[in-house]
Amino acid sequence: MERTLIIIKPDGVERNLIGPIITRFEQRGLKIIGMKLVRVSDELARKHYAIHEGKPFFEPLIAYITSAPVVVMALEGPQAIQAARNTIGATKPVEAAPGSIRGDFGMMVGRNLVHGSDSVENGEAEIALWFAESELVSYERVLDRWILE
Ligand code: DAT
Ligand code: MG
């Protein structure tokens, strides 16, 4: 089963969109195996976005992600990476499909509401960066047989 790290970014929290955003993932069938509200340190932000270091948008990105609390979640499911990224939508909200989170709630790339891991390896690495093993919960959902075949 794949696992992906999802972050509801500061704009999602400040705009009271935590519930609607979580609902998208819940309704899709992705299982929440970890979740918490975090005030992101500069150090953690730079580690999380290390791949983008040196790009022109890097410093604004760090300022944005550390500007208010975020909700961070570990989600599990078959092809969870792709499922979550499709639910999130394209990086630039104006290019994101209607029905996706960014396509329904966003306008600007620097206020694009949600992060989702982009590969299985990065999903595992990001979950390890943001969560202690003891914060991840393994459980069976009664409805799983109607979501997973
Ligand atoms: P994604 O968040 O869709 O995985 P990414 O990993 O390429 O996108 O970039 C991480 C974040 O950096 C993205 O959510 C918003 C910001 N970003 C990316 N490309 C940008 C650009 N061309 N201008 C401004 N910000 C950008
Ligand atoms: Mg990315």
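Indexing begins at 1, ligand by ligand and atom by atom, following the structure's order.
A salt bridge (Lys or Arg N to Asp or Glu O under 4.0 Å) check over residues 88-106, counting only residues at least two apart or in different chains, returns the pairs Arg24-Asp104. Among pairs with a residue in residues 116-133, those fulfilling salt bridge (Lys or Arg N to Asp or Glu O under 4.0 Å) read Arg3-Glu124, at least two apart in sequence or across chains.
Residues with a heavy atom under 4.0 Å from ligand 1: Lys9, Tyr49, His52, Phe57, Leu61, Arg85, Thr91, Arg102, Val109, Asn112.
Heavy-atom neighbours of Glu135 CD from other residues, nucleotides or ligands within 6.0 Å: above the threshold of 12. Other residues, nucleotides and ligands contribute at most 12 non-hydrogen atoms within 6.0 Å of the CE atom of Met108.
Under the salt bridge (charged side-chain N to carboxylate O under 4.0 Å, His left out) criterion, Glu26 pairs with no residue at all, not counting sequence neighbours.
Salt bridge Arg145/Glu140: absent, no basic N to carboxylate O contact under 4.0 Å.
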